[in-house]
S.K.: 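Please read through the structure below; I'll follow up with questions.
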2 protein chains.
Amino acid sequence: MKELTFDAENCPISRISKVLQGKWSMVIIYVLSEGTLRFSEIHHKLPHITEVNLTKDLRMLEAYGVIHREVYPVVPPKVEYSLTDMGKDFLPILNSITDWAEKYTTK
Amino acid sequence: MKELTFDAENCPISRISKVLQGKWSMVIIYVLSEGTLRFSEIHHKLPHITEVNLTKDLRMLEAYGVIHREVYPVVPPKVEYSLTDMGKDFLPILNSITDWAEKYTTK
DNA sequence: CGGTATCCTCCGGGATACTG
DNA sequence: CAGTATCCCGGAGGATACCG
């Protein structure tokens with residue numbers, strides 16, 4: 001493995017950990033893996049997260065460049081979320097994590 | 001991708017997310033990737049984490065089966081930490097995450 | 001429809017000091 | 001050496017209500 005320092009500046013793990021630390025980050029990425037979704041569609045798939053926190057997490061993922069937010073200036077409002085290339089590149093990792101978790105954890 | 005439900009009971013992502021949510025979890029796994037380490041050695045490699053939280057995280061990782069804690073009944077105390085098979089299986093994932101973070105984030 | 005505003009609680013995580 | 005014991009604080013995340 002590569003040699004790393006363990007501060008947020010130089011360590012890629014520390015740098016990206018904020019994204020993965022969110023309770024809902026990975027699940028949001030997962031539901032967006034199937035394609036573009038509107039805010040309400042995401043919320044419908046993830047009813048356990050509140051609108052406040054869904055908004056917060058979506059903005060955070062957007063800030064990190066994982067997802068793209070497209071606003072259509074229509075009435076009623078229409079906003080679509082989709083994975084960026086960065087987000088799509090995370091999908092195989094997410095699959096690995098899922099497999100790993102399934103192998104070693106039990107219901 | 002597989003079909004999942006998104007509660008901690010049935011969704012492997014949700015089930016394992018606690019492990020990855022910890023600020024230091026992944027870095028601890030990383031430093032243990034090179035081999036067995038004593039408490040003080042881990043702490044030396046990760047000086048930014050307090051002993052309290054290092055202890056807490058180590059116990060959590062142990063509870064999830066990611067690391068093994070071996071206590072030697074000697075004076076002064078000697079405790080060694082190492083990765084379990086589950087922990088070792090996570091290393092390629094950790095590498096992927098590191099590469100992904102390096103590719104898309106900047107210092 | 002896609003959010004905000006507000007309030008509240010819990011706990012992750014830091015700082016410091018102490019111990020078997 | 002390998003932790004505990006306390007104290008403290010910010011912020012994650014939930015609940016509810018409201019808005020352009």
Side-chain angles (χ1 to χ4, degrees), chain A residues 6-9 11 13-29 31-32 36-64 66-82, chain B residues 6-9 11 13-29 31-32 36-64 66-82:
Chain A
F6 300 108
D7 54 282
E9 295 304 312
C11 171
I13 302 175
S14 303
R15 232 183 295 139
I16 209 63
S17 63
K18 267 286 167 195
V19 184
L20 305 180
Q21 274 177 53
K23 183 176 178 181
W24 299 99
S25 307
M26 292 197 291
V27 230
I28 290 173
I29 295 174
V31 299
L32 284 176
T36 300
L37 290 178
R38 302 180 64 164
F39 183 88
S40 54
E41 294 173 324
I42 301 175
H43 195 210
H44 180 73
K45 287 174 179 287
L46 304 174
H48 289 49
I49 183 173
T50 61
E51 291 165 335
V52 177
N53 289 320
L54 179 54
T55 303
K56 203 193 307 180
D57 282 15
L58 287 169
R59 296 288 152 84
M60 190 262 293
L61 290 168
E62 186 194 7
Y64 273 93
V66 178
I67 66 174
H68 172 69
R69 179 170 179 265
E70 186 74 35
V71 184
Y72 298 89
V74 294
V75 179
K78 177 179 177 181
V79 180
E80 287 186 339
Y81 293 91
S82 55
Chain B
F6 301 106
D7 55 280
E9 296 303 312
C11 171
I13 302 176
S14 303
R15 234 183 293 141
I16 209 63
S17 64
K18 266 288 168 194
V19 184
L20 304 181
Q21 273 177 54
K23 181 176 178 180
W24 299 98
S25 308
M26 291 197 291
V27 229
I28 291 173
I29 295 175
V31 299
L32 285 175
T36 301
L37 289 178
R38 302 180 65 165
F39 183 87
S40 53
E41 294 174 324
I42 300 175
H43 195 211
H44 180 72
K45 286 174 179 290
L46 304 174
H48 289 48
I49 183 174
T50 62
E51 292 164 333
V52 177
N53 289 321
L54 179 53
T55 302
K56 203 193 306 181
D57 282 14
L58 287 169
R59 295 289 152 81
M60 190 262 289
L61 289 168
E62 187 192 7
Y64 273 92
V66 178
I67 66 175
H68 172 68
R69 179 170 179 265
E70 185 74 35
V71 183
Y72 298 89
V74 294
V75 180
K78 178 178 176 181
V79 180
E80 288 186 339
Y81 294 91
S82 56

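Chain A is the first sequence line, chain B the second, and so forth, proteins listed ahead of strands; every chain is numbered from 1. These values consider heavy atoms only, across backbone and side chains, with no hydrogens, waters or symmetry-generated copies.
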S.K.: Could you state the CG-C1' distance from L54(B) to dC1(D), rounded to the nearest angstrom?
M.R.: 13 Å

S.K.: Whole-Å distance between dA2(D) P and L37(B) CG?
M.R.: 11 Å

S.K.: If you compare every side-chain N and O of S40(B) against the phosphate oxygens of dA2(D) (OP1, OP2), does one of them come in below 4.0 Å?
M.R.: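 So the side chain of S40(B) is within the cut-off, an N or O lying under 4.0 Å from OP1 or OP2 of dA2(D).
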
S.K.: Can you measure I67(A) atom CD1 to dG2(C) atom C1' for me and round it to whole angstrom units?
M.R.: 14 Å

S.K.: In whole Å, I'd like the distance from the CG atom of L58(B) to the C1' atom of dT4(D).
M.R.: 15 Å

S.K.: My understanding is that only one of L46(B), L54(B), V52(B) makes a side chain to side chain contact (heavy atoms under 4.5 Å, CB included) with T50(B); could you say which?
M.R.: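 Testing each of L46(B), L54(B), V52(B) against T50(B), the sole residue satisfying side chain to side chain contact (heavy atoms under 4.5 Å, CB included) is V52(B).
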
S.K.: Describe the nucleic acid contact of Y81(A) in one word from base, sugar-phosphate, nothing, applying a heavy-atom distance below 4.0 Å.
M.R.: sugar-phosphate

S.K.: Please state how far atom CG in L46(B) lies from atom P in dG13(C), giving the value in whole angstrom units.
M.R.: 13 Å

S.K.: With heavy atoms under 4.0 Å as the rule, sort V75(A) into base, sugar-phosphate or nothing.
M.R.: nothing

S.K.: Whole Å only: how far is the CG atom of D57(A) from the P atom of dG2(C)?
M.R.: 17 Å

S.K.: From the options dC1(C), dA15(C), dG3(C), select the nucleotide whose nearest atom is closest to the side chain of V52(B).
M.R.: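 Side chain of V52(B) sits closest to dA15(C).
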
S.K.: Are I49(A) and V27(A) side-chain neighbours, meaning at least one heavy-atom pair lies under 4.5 Å?
M.R.: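 Answer no - side chains too far apart.
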
S.K.: Please report the distance, rounded to the nearest Å, between CG in N53(A) and P in dA5(C).
M.R.: 15 Å

S.K.: Is there a side-chain polar atom (N or O) of R59(A) under 4.0 Å from OP1 or OP2 of dG3(C)?
M.R.: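 Affirmative; the distance criterion is met.
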
S.K.: Quick check: on DNA chain C, is the nucleotide nearest F39(A) upstream (toward 5') of the one nearest Q21(A), or the reverse? Name the residue that is more 5'.
M.R.: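 Final value for this comparison: F39(A).
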
S.K.: Looking at every strand, decide which applies to K78(B) at a 4.0 Å heavy-atom threshold: base, sugar-phosphate, or nothing.
M.R.: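 If one applies the 4.0 Å heavy-atom cut-off, K78(B) turns out to touch the sugar-phosphate alone, with no base involved.
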
S.K.: Closest nucleotide of DNA chain D for I49(A) versus for P77(A): which of these residues is on the 5' side?
M.R.: I49(A)

S.K.: Consider the side chain of K56(B), meaning its heavy atoms from C-beta on, and name the nucleotide among dG2(C), dA15(C), dG13(C) that approaches it most closely.
M.R.: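 Selected nucleotide: dG13(C).
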
